[in-house]
Chemist: 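I am attaching a structure below and will ask some questions about it afterwards.
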2 protein chains.
Amino acid sequence: MTYQQHYTNASRHYLAVDCVIFGYENYELKLLLHKRPIEPQIGGWSLMGGFCGSDESLETAANRVLHQSTGLKDIYLEQVQAFSDPDRDPAARVVSVAFFALIRIDKHDPALVDEMGARWWPMDEVPGLVFDHPRIVEKAKERLQMKASLELVGKELLPDQFTLTQLRRLYEAIYQRELDPGNFRKKVLGLNVLERLNTKNTEESKKGAFNYHFRPDADEMNGQERIIKI
Amino acid sequence: MTYQQHYTNASRHYLAVDCVIFGYENYELKLLLHKRPIEPQIGGWSLMGGFCGSDESLETAANRVLHQSTGLKDIYLEQVQAFSDPDRDPAARVVSVAFFALIRIDKHDPALVDEMGARWWPMDEVPGLVFDHPRIVEKAKERLQMKASLELVGKELLPDQFTLTQLRRLYEAIYQRELDPGNFRKKVLGLNVLERLNTKNTEESKKGAFNYHFRPDADEMNGQERIIKI
DNA sequence: CCAAAAGTGTTGAGAGTACACCCATGC
DNA sequence: GCATGGGTGTACTCTCAACACTTTTGG
């Protein structure tokens, strides 16, 4: 057998990407979903997805899908995993690679979202989803929680300036539990990646809270810091 | 456009699995590699891999590859991620999904390994590898370290009975750093997943060390225990 | 007796948690 | 003045890391 035959004898598969798009608004973590425009399960709520082209990497395909559905480029994307149960899509054998994306809801293009029949859903009100998408969302959420425990997230989800309370509420949304305000503050400031600005936000409290932003020269949190050494 | 067309217009891809097979022997973490039997890069050291069939899940395909190369079934397998750079395989566009596997070297079939032109390589002596396999190995190693920090590994890598020193040496191999014997012992026993047996191993010390095994009724370490709560 | 691993105990530093408590201000 | 969030400080607990020390036994 020539090596060409070795390849050509192998089967070819439809390859899709599905994006779990997280956004944060009104103290809630949200998911961007749209109504599936084609059979099977037309009209069912679905993750944003699309097929991977023959000269695209999966990452490129995911970026394309994201751009089409939000109008945004250079979005934070992280691969979750491949889902390949032969029966996961009843219409055809499609292997899907899931990504999660972090979006600033205030920056995306609402017209485009509308046009796609899409909607932001609070994480704890997500409707029934088509195919194996519930499982994909579950895995993506776990990965987001993992990421947030290893480094300070927020740059991709919050406005350029934010208060520590806003950041805390984001973490509360990600972990779905309350955090002590004082302890959170000390912990986060100790990481040395935030910088206090001279402006205050007085919308959410009478006293007003200082705005912070991520230090542009962030000394790359050493990553492993929170991985426990057994 | 009918929905059938929606699918048939999409491109189809070669889908492969590559297995990063970890084993543990002589206090060293090892990798099972073989010489690539076909072009391109014939004869280069390579991960065990194979194409995914049209009715297989990726997990099934990985299990098949593992069975072919070690003679073992029911191996611990975990998906790492998909690698999809269009140029990763110079001969064709092949998307590969990587898995890592944990093997008891003493249980595998050495004849089969021989026949495949395969060899166990200590982790820190791994030769140059074909394609993007070095990157795949790197990612798999990170995942193994992550797994080992979240739960006690060893069931899949050590003999049925083992001493705490043997377990510690496994962790030292995974993390590539020395661990304090006393502290490791206390930490591990505190997890309450090991059970001391009445037998001793006197091969590795004059005094002899008690053998342990994983408690069959293991109360499922609560998983999140070591994920830090920010 | 000595070396070497097995196994136990002690101690100090640091992190996390649960609070108490003052500050500023809009109502 | 009082409720509300902003912000700081404190005290207790727990874990981890370092290391001393005792036990056992083959050579």
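The chains referred to below are lettered A, B, ... by the order of the sequence lines, with proteins before strands, and numbering in each begins at 1. These values consider heavy atoms only, across backbone and side chains, with no hydrogens, waters or symmetry-generated copies. Nothing here was measured: the structure is a model prediction, and the numbers come from that model.
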Chemist: Using the six-membered ring of F210(A), assess whether NZ or CZ of R196(A) lies under 6.0 Å from its centre and within 45 degrees of the ring axis.
Modeler: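 Cation-pi check for R196(A) and F210(A): passes.
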Chemist: Find the distance Q166(B):CD to dA6(C):C1' and express it as a whole number of Å.
Modeler: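 In whole Å, dA6(C) C1' and Q166(B) CD are 13 Å from each other.
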Chemist: Nearest to the side chain of T165(A), heavy atoms from C-beta on, is which of dG6(D), dT8(C), dC16(D)?
Modeler: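 Comparing dG6(D), dT8(C), dC16(D) against the side chain of T165(A), the answer is dG6(D).
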Chemist: With sequence neighbours left out, what residues match E25(A) under side-chain hydrogen bond (donor to acceptor under 3.5 Å, both in side chains)?
Modeler: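 Result, side-chain hydrogen bond (donor to acceptor under 3.5 Å, both in side chains) vs E25(A): K30(A).
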Chemist: Rounded to whole angstroms, how far apart are CZ on R168(B) and C1' on dG7(C)?
Modeler: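 Rounded to the whole Å, the gap is 12 Å.
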Chemist: Among dG7(D), dC19(D), dG7(C), which nucleotide sits nearest the side chain of A209(B)?
Modeler: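 Among the listed nucleotides, the one closest to the side chain of A209(B) is dG7(C).
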Chemist: Can you measure N201(A) atom CG to dG5(D) atom C1' for me and round it to whole angstrom units?
Modeler: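 Between C1' of dG5(D) and CG of N201(A): 12 Å.
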Chemist: Mapping E204(B) and D180(A) onto DNA chain C by nearest heavy atom, which one lands closer to the 5' end?
Modeler: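 So the residue in question is E204(B).
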Chemist: With sequence neighbours left out, write down each residue that passes salt bridge (charged side-chain N to carboxylate O under 4.0 Å, His left out) with D106(B), or none if nothing qualifies.
Modeler: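 Partners of D106(B) under the salt bridge (charged side-chain N to carboxylate O under 4.0 Å, His left out) test: R104(B).
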Chemist: Rounding to an integer number of Å, can you tell me how far L167(B) CG sits from dA5(C) P?
Modeler: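 Whole-Å distance recorded here is 17 Å.
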Chemist: Under the ring-ring contact (aromatic ring centres under 6.0 Å, His included) test, which residues partner F162(B), sequence neighbours left out?
Modeler: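 F162(B) satisfies ring-ring contact (aromatic ring centres under 6.0 Å, His included) with F214(B) once adjacent residues are dropped.
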Chemist: Rounded to the nearest Å, what distance is computed from the CG atom of residue L191(A) to the C1' atom of nucleotide dA15(C)?
Modeler: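 It is 13 Å, rounded to the nearest whole Å.
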Chemist: Output yes when at least one side-chain N/O atom of R185(B) is less than 4.0 Å from OP1 or OP2 of dA6(C), else no.
Modeler: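 So the side chain of R185(B) is outside the cut-off, no N or O lying under 4.0 Å from OP1 or OP2 of dA6(C).
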Chemist: Does the protein touch nucleotides 20-27 of chain D at the base, only the backbone, or not at all? Give it as B, S and - per nucleotide, heavy atoms under 4.0 Å.
Modeler: ---BBBB-
Chemist: Mind checking what makes side-chain hydrogen bond (donor to acceptor under 3.5 Å, both in side chains) contact with R168(A), not counting sequence neighbours?
Modeler: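 side-chain hydrogen bond (donor to acceptor under 3.5 Å, both in side chains) check on R168(A) returns E172(A).
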Chemist: How long is the line joining CG of L164(A) and C1' of dG5(D), in whole Å?
Modeler: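 The distance from CG of L164(A) to C1' of dG5(D) comes to 13 Å, rounded to the nearest Å.
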Chemist: Rounded to whole angstrom units, what separation is found between the CG atom of L189(B) and the C1' atom of dC16(D)?
Modeler: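 One finds 16 Å between C1' of dC16(D) and CG of L189(B), rounded.
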Chemist: In whole Å, what is the span from the CZ atom of F184(A) to the P atom of dT8(D)?
Modeler: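 Going from CZ in F184(A) over to P in dT8(D) covers 15 Å.
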Chemist: Taking only residues two or more places apart in sequence, or in another chain, which ones meet S57(B) in a side-chain hydrogen bond (donor to acceptor under 3.5 Å, both in side chains)?
Modeler: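 By the side-chain hydrogen bond (donor to acceptor under 3.5 Å, both in side chains) rule, S57(B) matches T60(B).
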Chemist: Among residues at least two apart in sequence or on other chains, which ones pass side-chain hydrogen bond (donor to acceptor under 3.5 Å, both in side chains) with E142(A)?
Modeler: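 For E142(A), no residue satisfies side-chain hydrogen bond (donor to acceptor under 3.5 Å, both in side chains) once neighbours in sequence are set aside.
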Chemist: When you check the gap from the basic side-chain N to the acidic O, do D85(A) and R135(A) get nearer than 4.0 Å?
Modeler: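 No salt bridge links D85(A) with R135(A).
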Chemist: Holding to salt bridge (charged side-chain N to carboxylate O under 4.0 Å, His left out), I want the full list of residues that pass it with D89(A), two or more places apart in sequence or in another chain.
Modeler: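 Salt bridge (charged side-chain N to carboxylate O under 4.0 Å, His left out) check on D89(A) returns nothing, list empty.
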Chemist: What protein N or O atoms touch nucleotides 10-14 of chain D N or O atoms at under 3.5 angstrom, if any, and at what distances?
Modeler:
| residue | atom | partner | partner atom | Å |
| --- | --- | --- | --- | --- |
| dT10(D) | O4 | K186(A) | NZ | 3.0 |

